[in-house]
Amino acid sequence: MCGIISYLGNRKTAGKLVVDGLKKLEYRGYDSFGFAEKVNGKIRLTKKVGKISEFRENGKTFAKTNLALGHTRWATHGKVNRVNAHPHFSADGKVVVVHNGIVENHAELRKFLRGKGVKFVTETDTEVIPNLIVEFLKKNNLKEAVRKTAQKLRGRFAFVAIVAGEEKLCAARNGSPLILGIEKFFPKSDDKLLAKIDGSAFFIASDTPAFLNHTPDVVYLDDGEMVEIEASPKQDHFHAQFFGITKGTAVKKRIISLDLKESKTEKGDFAHFMLKEIFEQKETIHRALKQDEKQLEKVAQLIRKSFGTFFIGCGTAGKVCATAEYLFAKIARRHVNVIFGSEFDTQEPFLTNKTLLIAVSQSGETADVLEAYKIAKRRGVKTVGVVNVAGSSVARGSDVVLPVNAGVEKAVASTKATTAQLAILTLLAYALAGKLAEGQQMLAEAGSQIDELLNPRYSEHLEKIAQKIKRVESMYVIGKGTDYPMALEAAIKLQEVSYIHAEGFAAGELKHGPLALITKGTPLIAFVPADRSLGVGGPANGYRQEVLSNVSEVKARGGRIIGVSPQNDPLFDEWIRVPDVGNAQPIVNIIPIQLLAYHLAVLRKNNPDLPRNLAKSVTVK
Ligand code: M6R
């Protein structure tokens with residue numbers, strides 16, 4: 001949800017470093033971009049509508065400077081146009097800001113600033129920030145002006161500011177991620193916690209891929225914190241100092257060395273990140289299983305002791321959570337509650353210090369999940385984060401973390417993180433049932449089957465099916481038991497990258513209404529279990545016959561049946577073969593639909609990595 005990056009250091013290529021970083025943050029927003037460079041005490045601005053990846057640089061693009069900041073936008077306030085693109089200037093042209101988040105009280109602040117004679121030129125909420133800083137600069141230095149400005153803002157935000165004429169960067173965080181990257185750290189003591197850090201250069205960005213090719217050393221800012229970067233007194237290096245927004249007193253922070261390799265965040269030979277990440281599932285399932293058994297046992301124990309366990313997530317992660325209801329009932333005979341992050345506040349009356357909250361999130365920065373965490377903390381609820389991005393807000397705010405270990409996921413449509421999260425929830429259900437070893441073996445076998453399944457021929461088969469249905473207006477997906485949340489997830493995948501209207505239903509629900517939508521040729525994707533599957537309290541031969549009956553009701557009305565199943569059936573117009581992997585079935589069932597959605601996107605000339613109107617990490621409510 002908007003990517004920001006800034007650089008201050010010993011290199012004179014700040015503009016280029018910022019633009020390269022923005023390209024790596026493009027997944028956070030891609031309707032417009034811009035960057036500002038400090039040149040001879042003035043600020044030079046470049047802004048454009050469109051994707052940063054399509055920006056063509058030439059010899060004149062960048063100034064020779066060691067201070068720059070940039071932004072790639074996902075519009076929240078104001079149309080997508082050049083004027084609304086960041087960075088934003090104060091009315092007097094002295095202060096420039098890049099911002100991620102929402103200033104909820106911007107209307108009130110505009111009114112106040114208008115009263116001071118400020119003329120606004122954009123429709124954005126952000127424009128109040130540089131103008132407030134100017135107001136406070138009248139009696140304060142930059143650090144204090146930024147701090148006082150941050151105190152005035154309501155909502156979730158992260159912003160970076162610079163002032164013409166000063167070689168400084170100042171940034172504040174409250175709710176949206178902000179990470180400091182330190183190039184060539186100069187340690188001055190053995191202390192692990194530092195209020196001041198010396199280095200040759202500093203980056204401040206929304207996410208680590210923006211600068212990981214320059215340094216693995218980072219400091220995560222927490223809510224209510226700010227950082228100021230400036231040259232050392234001798235002007236031979238730079239230093240960063242941390243402060244609290246409320247009092248302005250020094251805050252001590254820890255430097256973390258990440259072991260992520262930047263190369264892993266590149267596409268390699270794949271046409272798109274989405275395809276690369278789908279294929280990475282050959283190994284990510286195995287990596288997800290490498291959990292610390294003590295931690296798994298600890299979470300299982302927390303579930304046993306809890307009076308009410310809630311699984312929360314949003315979008316795809318929400319669908320992953322929904323499988324938990326079935327998996328925990330079937331494997332561990334335990335009822336758990338599942339609710340979207342944005343709905344969790346409705347449960348506040350039931351939360352006590354005996355409640356357990358398990359949040360599933362790829363980014364660990366989803367605002368709806370972080371809001372749920374705030375409520376949980378207020379109520380003394382224990383929290384467990386099943387999270388992919390190490391160091392994210394969910395990871396740092398959880399009592400226990402189960403790392404997803406899927407590596408950097410760049411495509412907006414989640415694929416490898418999804419199946420890794422499914423594997424971890426399945427493992428947890430086995431741990432709760434006291435059968436961890438059985439679960440580990442079952443999932444490892446499923447992982448090996450995925451390894452065999454994911455080959456170019458399988459992908460070509462899905463591409464052929466995509467060719468046949470690429471012009472349809474609507475399609476539907478059905479499943480029963482754990483396949484029901486997977487039907488919902490399949491629909492999300494199809495919607496977000498193919499832009500075809502897709503909806504998921506519990507198989508037995510079609511006849512209660514949605515069947516009216518079926519006309520000749522309407523595709524129905526049906527997750528049909530193998531004969532031997534046993535459902536929760538289901539018939540001895542499993543749900544296959546029951547789901548096939550639902551399928552035949554659609555077939556009788558002209559629907560085109562795409563069966564996802566270990567076994568073929570005469571009802572299927574197309575058969576997508578999946579291995580029969582017992583309780584790991586949701587993991588293998590969703591993979592071919594990820595591929596189908598990918599091929600539909602490409603055939604319909606959509607960019608599957610950067611779907612319209614979306615962003616990878618949704619840091620606004
Ligand atoms: O980072 P998170 O897992 O918390 O993100 C939650 C959703 O925004 C995310 O899953 C979204 O639905 C994806 N684009 C789906 O592919």
Side-chain angles (χ1 to χ4, degrees), residues 1-3 27-30 74 156 175-177 206-207 209 272-275 277-278 281 288 311-323 338-344 357-373 383 385-395 397-398 401-422 424-425 485-486 488-499 502 504 590-591 593-598 600-601 606-621:
M1 210 89 318
C2 298
Y27 63 89
R28 299 183 66 88
Y30 34 85
W74 185 84
R156 315 181 69 81
S176 301
S206 312
D207 203 353
H272 296 99
F273 280 107
M274 184 176 176
L275 189 61
E277 288 161 6
I278 291 172
Q281 291 172 111
F311 280 83
I312 63 156
C314 303
T316 289
K319 312 299 182 284
V320 170
C321 289
T323 61
V338 177
I339 191 158
F340 289 126
S342 55
E343 296 285 314
F344 184 69
L357 177 64
I358 303 185
V360 177
S361 175
Q362 189 288 127
S363 63
E365 297 295 350
T366 299
D368 290 329
V369 173
L370 295 179
E371 286 298 315
Y373 262 46
T383 51
V386 180
V387 62
N388 194 35
V389 178
S392 59
S393 301
V394 170
S398 299
V401 173
L402 298 178
V404 170
N405 297 335
V408 176
E409 189 181 67
K410 278 209 155 178
V412 166
S414 180
T415 54
K416 62 176 182 171
T418 309
T419 47
Q421 289 160 351
L422 285 167
I424 292 170
L425 297 199
M486 285 304 97
L488 301 178
E489 166 53 12
I492 278 206
K493 230 51 334 143
L494 292 161
Q495 291 156 7
E496 66 183 330
V497 298
S498 77
Y499 312 156
I590 199 61
I591 290 175
I593 308 306
Q594 296 170 347
L595 275 170
L596 184 68
Y598 169 79
L600 280 169
N606 304 337
N607 180 345
D609 287 344
L610 302 174
R612 69 183 177 206
N613 305 339
L614 301 180
K616 180 72 180 160
S617 152
V618 184
T619 55
V620 292
K621 283 209 289 172

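Nothing fancy with the numbering, it's 1 onward along the sequence. Atom set for the values below is all heavy atoms of this structure, side chains included, hydrogens, waters and symmetry mates excluded. Counting starts at 1 for both ligands and their atoms, following the listed order. All values derive from a computational prediction rather than experimental measurement.
Close contacts of ligand 1 with Gly315, meaning ligand atoms under 4.0 Å from a residue heavy atom, involve 12 (O). Below 4.0 Å from some heavy atom of Gln362 lie the following atoms of ligand 1, by number and element: 1 (O), 2 (P), 3 (O), 4 (O). Per-residue contacts place Ser361 under 4.0 angstrom from the following atoms of ligand 1 (heavy atoms of the residue considered): 1 (O), 2 (P), 3 (O), 4 (O). Near Lys493, with a cut-off below 4.0 Å to any heavy atom, the atoms of ligand 1 are 15 (C), 16 (O). Counting the atoms of ligand 1 from 1 in the order shown, those under 4.0 Å from a heavy atom of Cys314 are 6 (C), 7 (C), 10 (O). Ligand-side atoms of ligand 1 in range of Ala413: 16 (O), range being under 4.0 angstrom from any heavy atom. The atoms of ligand 1 that sit less than 4.0 Å from any heavy atom of Ser363 are 1 (O), 2 (P), 4 (O). The atoms of ligand 1 that sit less than 4.0 Å from any heavy atom of Glu496 are 13 (C), 14 (N), 15 (C), 16 (O).
With hydrogens and angles ignored, the 3.5 Å screen pairs no side-chain donor or acceptor of Gln421 with any backbone N or O of Val386. Panel note: side chain Ser363, backbone Glu365; a donor-acceptor pair is recorded below 3.5 Å. Ser498 contributes no side-chain N or O that, together with a main-chain N or O of Gln495, makes up a donor-acceptor pair within less than 3.5 Å. In this structure a side-chain-to-backbone donor-acceptor pair under 3.5 Å is missing from Glu489 to Ile590. In this structure, the side chain of Tyr499 does not engage the main chain of Asn606 through any donor-acceptor pair within 3.5 Å.
In this structure, atom 13 (C) of ligand 1 lies nearest to the protein heavy atom Val412 O, 3.7 Å. If you check which protein heavy atom lies closest to atom 8 (O) of ligand 1, you get Val618 CG2, 3.9 Å. The protein heavy atom nearest to atom 11 (C) of ligand 1 is Thr316 N, 4.1 Å. The protein heavy-atom contact nearest to atom 2 (P) of ligand 1 is Thr366 OG1, 3.3 Å.
Note that the CD atom of Gln281 and the OG1 atom of Thr415 stand 5.0 Å from one another [nearest 0.5 Å].
For the residue pair Tyr27/Ser617, the side-chain donor-acceptor check at 3.5 Å is not satisfied. If you check the side chains of Ser414 and Gln362, you find no donor sitting under 3.5 Å from an acceptor.
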